[in-house]
Amino acid sequence: MTTDQNCTSSRQCLCSETAPAPFVLVIFGASGDLTYRKLIPSLFNLFQRDLLPDKFSIVGCARTVMDDKAFRKLVSDSIREKFKNIPSKMIEVFCEGVFYTHGNYDSDETYSALSSKISDVESRHSGFAGRIFYLSVPSTIYSEIVRKLASSGLSPEPSEGQPYRRVIIEKPFGRDLQSSRQLEKELKEHLLERQIYRIDHYLGKDTVQNILMLRFANMIFEPLWNNKYIDNVQITVAESIGIEHRAGYFDKSGLLRDMFQNHMLEMLSLVAMEPPSSFDADRVRDEKLKLLSSIKAWEPDKISTEFVRAQYREAIVDGNKQQSYTEEDAVPKDSKTETFVAARLFINNWRWNGVPFYLRAGKRLRRRVSEIAVTFKNIPHSIFKPLMPEDIHQNTLVLNVQPEEGFALSIQAKKPGGKLCMGDLPMHFSYRDFFQGEPPDAYERLLLDCMLGDSTLFIRNDTIDISWTLLTPILERWAEDPSIPLASYPCGSWGPLEADAMIGKDGRKWRAP
Ligand code: BG6
């Protein structure tokens, strides 16, 4: 291993990555958008970084009729679209490991064809290879595919983990507590927990992983990380895009399912959990579970005050008209689906008792930004009379998840001028400036971890269960009680006035990111 001057330990640099053992990755839904935009570029970048083994195979599988050659063309288009100036030879070498088979996901023939394809490609690996099945298909057919993989003998592991067979799935993991439990039951009929890799792509982002480093590799934050020093925490995931071409999925889902059940609660748990004893999958996930289980459930009659749901409406943004949600293609004109949610929650434990956590996420907001802002309390007493403690700005630590990855700490400092002239001093760290480059795509990290059998950044079923336990009553209440308002906000704003009023009741404001 090499050492690097930026590394923590002078004894050992842990920045180098390990390449996994030979594998066959089967992508169901290989002709779809996720494969094209994310999976192929991420796999290719791992290849470029020498993080794929000499022997690897990627087998695309979908209903679209194509042969290996046509799929390789699609793969090379996706690579060229993402990366500039890649030598053709390099893409050709990568594509030598790319294959395709087509068929309906519910037909036995598809799995026999897949089985012979896998046998063919495995012979390239001297017969030994791990297998990963990536289900990039609607979640409604996960159970069917998993059943067929098992009955065709493709997914059972011959002996414990050797060679491994893993299945990657993405949200939605059901649409409420009951359906997620049903899905889990069906998966577990054919797979062991250790074979299931549930993706939340936010966990693959370097800046989200940095939450743990910042908290648990530094001494200066953790002693302050509690209700004695922290006034409130705000988590914002704002998107400037609308629902694009995803009306079919989004209108049935809504923002609470789409963003809160997963990304928002995952980020919350990393910010608020207790220190795990080690950076091992189960130790980290045990702490996340404990944290989520400590969130105070919302009383039914408080749901309408602790949650604001809203939908975007038409507005002129930067000189262009942006249409309302109900005017989007394939959205019913009378849709009541929320495109924005703001919520306030409390955590019932010694560390966080009394500290409000404000969460908001929405589509068509002013700009794309995801951040976690930790605001500290006012100083207890001011020596700078006539300034009172509340006249002196609170310190805020902002973890910028995207797009300007980094973090910023605002502190009070003397300004040039009068003796008591004081102001905010922003201390700002930017990943791009310091590390001179883009952080890798989240899928790269997650695919590599799955190949290596490291499930730390994947979600365990019990945390999904607890998040649905928390959110299902909200969804039910919204569905059952039409008197709970659906607010609206103009495209290009920071959300509805009702969200400002919600936080305003506590004498606070949303941060303007
Ligand atoms: C997905 C949601 O999980 O995350 C999308 O389904 C959302 O609706 C996306 O747009 C946001 O991800 P990112 O990485 O662009 O913040």
Side-chain angles (χ1 to χ4, degrees), residues 29 32-39 41-42 82 134-140 142 168-175 180 197-211 235-268 270 309-312 322 325 328-331 335 337-341 359-372 399-406 431 438-447 457-459 463-464 467-468 471 475 491 495 513:
D33 193 49
L34 183 77
T35 307
Y36 191 87
R37 279 189 311 107
K38 294 287 183 186
L39 303 184
S42 299
K82 175 80 186 189
Y134 197 119
L135 273 46
S136 177
V137 292
S139 60
T140 43
Y142 286 170
I168 304 183
I169 55 175
E170 284 215 43
K171 69 142 220 287
F173 308 113
R175 42 180 293 109
S180 91
Y197 284 67
R198 300 176 195 82
I199 281 197
D200 179 325
H201 78 278
Y202 263 63
L203 293 180
K205 292 179 193 274
D206 262 11
T207 39
V208 172
Q209 292 159 47
N210 188 43
I211 300 170
I235 304 182
T236 299
V237 175
E239 293 182 271
S240 54
I241 55 167
I243 51 157
E244 311 287 277
H245 49 274
R246 297 165 75 221
Y249 153 76
F250 191 87
D251 197 62
K252 291 198 189 71
S253 163
L255 197 115
L256 194 74
R257 288 187 178 93
D258 188 46
M259 299 296 290
F260 269 64
Q261 183 272 324
N262 34 73
H263 313 323
M264 301 298 280
L265 290 183
E266 280 295 326
M267 285 196 285
L268 170 74
L270 293 177
R309 58 170 174 167
Q311 204 179 66
Y312 58 80
Q322 285 185 348
Y325 175 70
E328 300 274 16
D329 275 352
V331 171
S335 172
T337 299
E338 79 286 355
T339 59
F340 173 98
V341 175
L359 276 54
R360 66 178 162 165
K363 305 272 180 200
R364 282 266 185 258
L365 295 179
R366 182 71 212 138
R367 68 184 178 88
R368 176 174 182 249
V369 56
S370 300
E371 64 164 43
I372 298 163
L399 311 176
N400 301 310
V401 173
Q402 61 190 25
E404 282 145 30
E405 293 87 353
Y431 260 65
E438 300 268 315
D441 191 272
Y443 281 91
E444 226 175 288
R445 170 80 275 146
L446 297 172
L447 283 164
L457 301 177
F458 292 83
I459 312 171
T463 55
I464 294 183
S467 58
W468 280 124
L471 297 180
L475 292 162
C491 291

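If you're wondering where the values come from, they're calculated on a predicted model, not measured in any experiment. Numbering of ligands and ligand atoms starts at 1, following listing order.
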Pull out every atom of ligand 1 sitting under 4.0 Å from any heavy atom of [X], numbered as shown with elements.
| X | result |
| --- | --- |
| His263 | 1 (C), 3 (O), 4 (O) |
| His201 | 1 (C), 3 (O), 4 (O), 12 (O), 13 (P), 14 (O) |
| Lys171 | 1 (C), 2 (C), 3 (O), 6 (O) |
| Arg368 | 15 (O) |
| Lys363 | 5 (C), 7 (C), 8 (O), 10 (O) |

Starting from [atom], find the nearest protein heavy-atom neighbour and note its residue, name and distance.
| atom | answer |
| --- | --- |
| atom 5 (C) of ligand 1 | Arg246 NH1, 3.3 Å |
| atom 6 (O) of ligand 1 | Asp258 OD1, 2.6 Å |
| atom 10 (O) of ligand 1 | Glu239 OE2, 2.5 Å |

Does [X] use its side chain to pair, donor to acceptor, with the backbone of [Y] at less than 3.5 Å?
| X | Y | result |
| --- | --- | --- |
| Ser335 | Thr337 | yes |
| Thr339 | Tyr312 | yes |
| Arg368 | Glu239 | no |
| Ser180 | Gly174 | no |
| Gln209 | Gly204 | yes |
| Glu338 | Leu255 | yes |

Checklist line | Lys38/Asp33 ion pair, N-O < 4.0 Å | finding: no

Note to self: Applying a heavy-atom cut-off of 4.0 Å, say which part of Tyr202 lies close to ligand 1: side chain, backbone, both or neither.
What the structure shows: side chain

